[in-house]
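Written out below as structure tokens is the structure these notes cover.
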Amino acid sequence: MVRNAKLAREGDCVSNDELFQAAVKAAGMAYSKYSGFSVGAALLTDDGKLFTGCNIENASYSLTNCAERTSIFKAVSEGYVKFVAIAIAGSIDKDFSKPCYPCGACLQVMSEFCGNDLKIVLSDGVYKLSDFLPKRFSEESMK
Ligand code: THU
């Protein structure tokens, strides 16, 4: 875990570029021997802490965990459940200029812990969770 509480207190949290570069760095840890596609995510909590994650593949392919969920599960397992931004960087050849859009499973997991205005930082711009998931299944759906 990287501490960014000072930056967060200064108002603008971590810059989008810093967050994206943290995701690129996290992609360096990808365990992606089957697809060869490396993904990194950098997740910022509401109190300025940064959790990173990478994709973790498995010989039983469907057990693969995406980078986004790795970062979220790391944070939640350490007691952080409110997030304000996530950067995602993916590449097959270390060129991270092509956007890596989050998969549906990761969007659903994000939605459990984040409001519609969660910032999603990609190489082609900054989005909100609601751009990708305008309607969502949640605990409200079950009432
Ligand atoms: N992957 C992620 O880590 N995040 C995504 O949002 C999309 C896909 C990973 C899973 C797998 O290891 C590889 O990319 C190819 O699908």
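Bear in mind the structure is a predicted one, so any value in this text is a computation, not a measurement. For ligands, and for the atoms within them, numbers begin at 1 and follow the listed sequence.
You'll find the side chain of R136 stays beyond 4.5 Å of the side chain of L107, heavy atoms only. The shortest side-chain heavy-atom distance between I120 and M110 falls under the 4.5 Å cut-off.
Taking E140 as the reference, K143 meet the salt bridge (charged side-chain N to carboxylate O under 4.0 Å, His left out) condition, with sequence neighbours excluded. Not counting sequence neighbours, F37 has no partner by the ring pair (Phe, Tyr, Trp, His ring centres under 6.0 Å) test.
Contact residues of ligand 1 (protein heavy atom closer than 4.0 angstrom to a ligand atom; sorted by chain and number): S35, F37, V39, N55, E57, T64, C66, A67, E68, Y101, P102, C103.
Under the 3.5 Å distance criterion, with hydrogens and angles disregarded, no donor-acceptor pair is assigned to the side chains of S60 and N58.
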Just list the side-chain donor-acceptor pairs under 3.5 Å for residues 92-103, sequence neighbours left out, or say none.
residue, atom, partner, partner atom, Å
D93, OD1, S91, OG, 3.0
D93, OD1, D95, N, 3.0
D95, OD1, S97, N, 2.9
D95, OD1, S97, OG, 2.7
D95, OD2, S97, OG, 3.3
Y101, OH, D124, OD2, 2.7

